[in-house]
Amino acid sequence: MALKQHEGMTVMYTALGSEWRPFGHPRRKRPMHSVVLKAGLAERILQDCLDFIDNPQWYTERGIPYRRGYLLHGPPGCGKSSYIMALAGELEYNICVLNLSERGLTDDRLNHLLSVAPQQSIILLEDIDAAFSSRADTPTQKAAYEGLNRVTFSGLLNCLDGVASTEARIVFMTTNYLERLDSALIRPGRVDFKEYVSYCDQEQIERMFLRFYKGEAAAKHSKLFAEKVTAIAKNVSPAQIQGYFMFHKHSTPEDVLTDVESIWTLG
């Protein structure tokens with residue numbers, strides 16, 4: 001049974017049998033600005049979602065199924081799931097998390113779950129690459145997937161955009177490995193909006209610094225910190241930067257500049 005979203009809270013649902021059940025207590029709405037993606041990316045996805053939600057008649061008049069599919073891909077720790085959580089709060093939506101690798105999940109049950117998902121909810125399929133092998137894989141690779149679940153690849157495709165698939169639905173998929181996904185899964189109509197969520201650039205690092213450290217000199221320190229990090233010429237994720245700041249939560253901005261190399265060794 002769908003729950004009305006608590007004010008300032010997001011309800012997480014998980015599939016139990018043929019029903020969606022709240023998973024744990026409602027979570028506090030995560031502010032959009034707390035997830036620091038590359039400039040313009042967060043706003044671009046949000047605007048596309050709002051345009052979809054606000055224009056059901058546009059789809060009806062043109063005979064287009066009223067549903068929207070999103071794929072966020074990129075390295076782990078770069079903010080894909082965190083952003084979806086923040087986006088749900090911004091839209092005042094809840095989140096239905098569906099694990100396609102769950103034992104006992106069948107095509108029929110998957111179709112039923114998608115058709116009865118609570119209204120005003122984002123359906124989240126995380127690590128979609130782990131559920132199926134590509135049709136281009138070798139027989140040996142395909143054999144490794146056999147018996148892991150009972151959802152078929154064609155069953156998933158039909159659930160996403162077949163004649164019986166539901167409308168007024170937003171589906172988000174995430175993956176760390178875009179190249180592992182079958183082209184049939186991510187074609188327009190199933191995935192309408194793809195975005196690469198990448199490692200940090202210098203501007204991103206500066207904005208993350210300013211989230212953790214305040215004061216008159218913070219802007220100067222943020223620039224110096226970002227320059228020192230990027231000068232090392234190693235990929236760094238937002239999760240690594242945040243972990244570093246958490247480790248130095250009682251340090252001064254000046255002290256944070258002296259231990260940059262440890263970003264890649266902490267944890």
Side-chain angles (χ1 to χ4, degrees), residues 5-10 12 24-51 70 72-93 95 122 124 126 172 174 176 193-267:
Q5 187 178 46
H6 297 241
E7 185 174 354
M9 309 290 278
T10 299
M12 304 292 291
H25 297 291
R27 305 185 184 190
R28 290 190 180 278
K29 175 181 174 181
R30 179 166 184 170
M32 287 285 286
H33 64 76
S34 71
V35 184
V36 181
L37 304 182
K38 284 192 175 180
L41 177 55
E43 294 78 12
R44 190 159 60 248
I45 299 170
L46 172 61
Q47 187 54 52
D48 189 87
C49 286
L50 290 172
D51 183 69
Y70 297 83
L72 303 185
H73 62 98
C78 289
K80 298 182 290 295
S81 298
S82 297
Y83 176 74
I84 294 168
M85 185 71 185
L87 176 67
E90 186 72 19
L91 298 174
E92 297 188 350
Y93 271 44
I95 299 178
I122 290 172
L124 175 57
E126 289 194 293
F172 267 84
T174 68
N176 298 333
F193 196 105
K194 293 192 286 285
E195 282 290 353
Y196 178 55
V197 184
S198 65
Y199 291 114
C200 293
D201 60 16
Q202 183 168 323
E203 188 267 349
Q204 216 174 333
I205 296 170
E206 288 183 36
R207 285 192 287 132
M208 289 193 70
F209 187 99
L210 293 172
R211 272 190 55 221
F212 283 83
Y213 302 99
K214 310 296 179 185
E216 294 181 4
K220 180 183 75 174
H221 287 124
S222 69
K223 186 174 180 61
L224 288 172
F225 176 77
E227 288 174 349
K228 292 190 73 168
V229 173
T230 53
I232 296 175
K234 291 183 181 178
N235 289 329
V236 63
S237 69
Q240 288 175 297
I241 296 292
Q242 180 170 290
Y244 177 76
F245 290 153
M246 293 288 290
F247 185 81
H248 288 281
K249 59 179 175 290
H250 299 304
S251 302
T252 66
E254 293 85 354
D255 291 339
V256 172
L257 296 175
T258 65
D259 193 27
V260 170
E261 291 81 4
S262 70
I263 290 174
W264 289 271
T265 59
L266 289 173

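Since this is a predicted model, take the numbers as computed values, not measurements.
Between Ile263 and Ile232 the shortest side-chain heavy-atom distance does not fall below 4.5 Å. Looking at Thr230 and Asp201, their side chains never come closer than 4.5 Å, going by heavy atoms from C-beta outward. Residues Leu124 and Thr174 have side chains in contact (heavy-atom distance under 4.5 Å, counting atoms from C-beta outward). Between Trp264 and Val229 there is a side-chain heavy-atom pair separated by less than 4.5 Å. For the pair Met9 and Arg28, the minimum side-chain heavy-atom distance is below 4.5 Å. With a 4.5 Å cut-off on side-chain heavy atoms, Asn176 and Lys80 count as touching. Looking at heavy atoms from C-beta onward, Gln204 lies in side-chain contact with Arg207 at the 4.5 angstrom threshold. Contact of the Val36 side chain with the Ile205 side chain is not registered, since no non-hydrogen atoms from C-beta on lie closer than 4.5 Å.
Counting only residues at least two apart or on different chains, no side chain to side chain donor-acceptor pair (under 3.5 Å) pair has a member in residues 210-220.
The two residues Pro31 and Ala86 come nearest to each other via the heavy atoms O-CB, 4.0 Å. The shortest non-hydrogen separation linking Cys200 to Met208 is SG-SD, 4.4 Å. Taking all atoms of both residues into account, the shortest heavy-atom contact from Phe209 to Ala218 is CE2-O, 3.8 Å. What you find for Gly77 and Pro238 is that their closest heavy atoms are O-CD, 3.4 Å. Residues Ser198 and Pro75 share a closest heavy-atom pair of CA-CD, 4.2 Å.
Taking CE of Met85 as the start and CZ of Arg30 as the end, the distance is 8.5 Å to the nearest 0.5 Å. Cys49 SG to Tyr70 OH: the interatomic distance, rounded to the nearest 0.5 Å, is 3.5 Å. Here the CG atom belonging to Leu37 is positioned 9.5 Å from the CD atom belonging to Glu195, to the nearest 0.5 angstrom. Rounded to the nearest 0.5 angstrom, Ile122 CD1 and Leu87 CG are separated by 4.5 Å. Here CD of Gln202 is found 9.5 Å from OG of Ser222. Values are rounded to the nearest 0.5 Å. Distance check, rounded to the nearest 0.5 Å: NZ of Lys223 to CG of Leu210 gives 11.5 Å.
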Using distance only, find each side-chain donor-acceptor pair of residues 250-257 under 3.5 Å and give its atom names and separation, not counting sequence neighbours.
| residue | atom | partner | partner atom | Å |
| --- | --- | --- | --- | --- |
| Ser251 | OG | His248 | ND1 | 3.2 |
| Thr252 | OG1 | Glu254 | OE1 | 3.3 |
| Thr252 | OG1 | Asp255 | N | 3.1 |
| Thr252 | OG1 | Asp255 | OD2 | 3.1 |

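A ring-ring contact (aromatic ring centres under 6.0 Å, His included) with Phe212 is found for one member of Phe245, Phe247, Phe225 and no other, namely Phe245.
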Full working for ring pair (Phe, Tyr, Trp, His ring centres under 6.0 Å) between Phe172 and Tyr83: CA-CA 11 Å; Phe172 267 84; Tyr83 176 74; 7.4 Å; no
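By the neighbour-count criterion of 12 heavy atoms within 6.0 Å, atom CZ of Arg44 is densely surrounded, having more than that number from other residues, nucleotides or ligands.
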